Amino acid sequence: MSSRALDLKRSGRILWQYRILLGACALLGLLANAAHAYLQPATYSSYALVVLSPTVDLDTQAVVVDSTPVVVDALGRARLGVSVADLQSHVEAMAAGSQTLEIVADGPSASWVKQAVNAVTNAYVGYIRSDDNPGGPQPAQVFHFATTPTIKPLETRLAEAALLGLLAGLTVGLVAALALGRNDRRLRTRDAIADAIGVPVIASLAVPVPSDAAGWARFLGQQEVPGTDAWRLRTVLRELGVTGTGLHGARPEGCSVTMLSIATDKAALGVGPRFAAFAASEGVPATLVIGPQQEAAGTPAAVVAANGGKAPPLTEALVLNATAAALGTALKGIGALRSGAEAAGVANLRVSGRESRARLEAQPGTLAVAVGVVDGTVPRVTETTRADVTLLAVTAGAATSEQLVRVAASAAADGRPIWGILVANAAAGDETTGRVPELARPQENRMPARFRGVVTTESR
């Protein structure tokens, strides 16, 4: 568990992030408890009233009612067919007034309940009046013996059970959500993402997660982009020098971009295609390149073959399996992406495949965007297409700082430092920008300290 304290604002964010888990726990508790109540047989209940002396403590007497001496005497007075412990579990006493004690019993049949209540009542009155009472004999009188027992309606029992189950489920969900939230190291704000690798966030945009080629076609065919996203993407195009003069100067020869993303980050896969489609809608001829991706060559079978038949350790095998599964899922998404992009037919947007990992050269006056997917655990950026500029696409809440550092380190080792980050689906409550990493962010000015006890001289 993290030692970081939870404040109310952060706790609220965690609960909102895990709202599906919270709702599922609450619903499960409600249904489970209601089903249990429905399957249980109907329970009868009845009561008797005993008037006691004002000098006795009713709370103490409530404990005496189901004590062993009283219950044993009650079983001797009536043949109830249960043990001492069973009868104690069916009997309860509570104060019903300043001098009145209520003795209640429940059970599976009306006759048994009535017999049990009256037997316990008579045994208790006999005990408190006798010399066996540690406090000495006390006056007691039965005011009301048990009569016809009542049964609680099924609707009432279900409602009460459902409410208790709902509260129990919510409690479990709250504890689970807060526990998971404290241990969740995924980055959810733009500043946190930028600070992880010291690279600014140059844009953020909303990106859906298409599951098939038709979904990708609809996504890329969207001509309208929200105003804030459009402004940010135009800014990126200018900074790349595709339109006007940017940070890298005018690029009449064109600009190529590699858009890296992590295999487990499904939404980030759509950032590169969205960027290329937007550039095309702005009148910039764009090419979406589906190039080579990181291969899942580190599977356990491959490692075994490479190690002369020796199996890798269990922990290594689990990591390799997860790597292969993540990359396999990402490659299927890329296949659907290419089919959907070819079917979208966006003006000024061309889709091409590429097997070479050499530098991607853009045609004069055009933008080429190569999609690159790497594993977050063992990234190999060198296996993706090289371009003029390397960008990183990250979905808010989908990656940890360790994963981003590994990708950035792999890119830097290949001579392709990450120039900027594009954040997909930023949280609605995220007021940060990520434009300036933490190291370059200005610190708050502190007020000058006042020194005490220092003798000073004044010159006139």
Side-chain angles (χ1 to χ4, degrees), residues 186-187 190 193-205 207 209 233 236 239-240 255-279 286-296 323 326-331 333-334 337-338 341 353-354 356-360 362 367-426 434 437:
R186 291 177 295 181
L187 307 176
R190 298 180 184 92
I193 293 172
D195 294 344
I197 57 176
V199 175
V201 173
I202 57 177
S204 60
L205 62 159
V207 180
V209 187
L233 292 178
V236 175
E239 291 177 349
L240 291 175
C255 178
S256 63
V257 173
T258 297
M259 191 71 69
L260 294 176
S261 64
I262 298 174
T264 53
D265 189 351
K266 297 180 180 179
L269 181 60
V271 173
R274 176 72 276 182
F275 183 50
F278 176 79
T287 302
L288 179 61
V289 179
I290 309 300
Q293 310 298 327
Q294 178 176 338
E295 299 177 358
T323 300
L327 289 172
T329 301
L331 292 178
I334 289 176
L337 162 64
R338 180 172 183 177
R354 193 171 190 263
S356 173
R357 296 185 176 92
R359 180 181 295 275
L360 176 64
L367 173 69
V369 179
V371 176
V373 176
V374 295
D375 177 64
T377 305
V378 189
R380 295 193 293 273
V381 176
T382 184
E383 297 183 7
T384 61
T385 301
R386 182 181 293 271
D388 298 330
V389 178
T390 302
L391 301 178
L392 178 62
V394 182
T395 303
T400 64
S401 59
E402 291 83 359
Q403 290 176 319
L404 298 187
V405 168
R406 293 189 192 105
V407 175
S410 177
D414 194 37
R416 302 156 61 181
I418 294 175
W419 179 69
I421 303 173
L422 282 83
V423 175
N425 302 335

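Remember, it's a predicted structure, so these values are computed and weren't measured experimentally.
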Could you check Thr395 against Val209 for side chain to side chain contact (heavy atoms under 4.5 Å, CB included), going step by step and ending with a plain yes or no?
-> CA-CA 11 Å; Thr395 303; Val209 187; over 6 Å; no
Here the gap from Leu392 atom CG to Ile418 atom CD1, rounded to the nearest 0.5 Å, amounts to 4.5 Å
With sequence neighbours excluded, what pairs up with Arg357 under the salt bridge (charged side-chain N to carboxylate O under 4.0 Å, His left out) test?
-> Glu295
Does the side chain of Val374 come within less than 4.5 Å of Ser410's, by heavy atoms?
-> no
Measuring from Arg354:CZ to Thr385:OG1, what's the distance to the nearest 0.5 Å?
-> 5.5 Å
Donor-acceptor contact present, side-chain Arg359 to main-chain Ala387, <3.5 Å = yes
Non-hydrogen side-chain atoms of Leu205 and Phe275 separated by less than 4.5 Å = no
Could you check if a side-chain atom of Leu404 sits within less than 4.5 angstrom of a side-chain atom of Ile262, using non-hydrogen atoms only?
-> yes
Rounding to 0.5 Å, atoms OG (Ser256) and CG (Asp388) come to a distance of 3.0 Å
With sequence neighbours left out, the residues meeting side chain to side chain contact (heavy atoms under 4.5 Å, CB included) with Ala277 are Leu220, Arg274, Leu349
May I ask you to test the Leu391-Ile202 pair for a side-chain heavy-atom distance under 4.5 Å?
-> yes
Sub-4.5 Å side-chain heavy-atom contact between Leu187 and Val394 | no
With the threshold set at 4.0 Å, does a side-chain nitrogen-carboxylate oxygen contact exist between Asp375 and Arg380?
-> no
Side chains of Val371 and Met259: does their closest heavy-atom pair fall under 4.5 Å?
-> no
For Arg416, side chain to side chain contact (heavy atoms under 4.5 Å, CB included) partners two or more places apart = Thr258, Val381, Thr384, Arg386, Thr390, Asp414
From OG1 (Thr264) to CD (Gln403), nearest 0.5 Å = 5.0 Å
So, for Ala424 and Val271, which heavy atoms are closest and what is the spacing to 0.1 Å?
-> CB-CG2, 3.8 Å
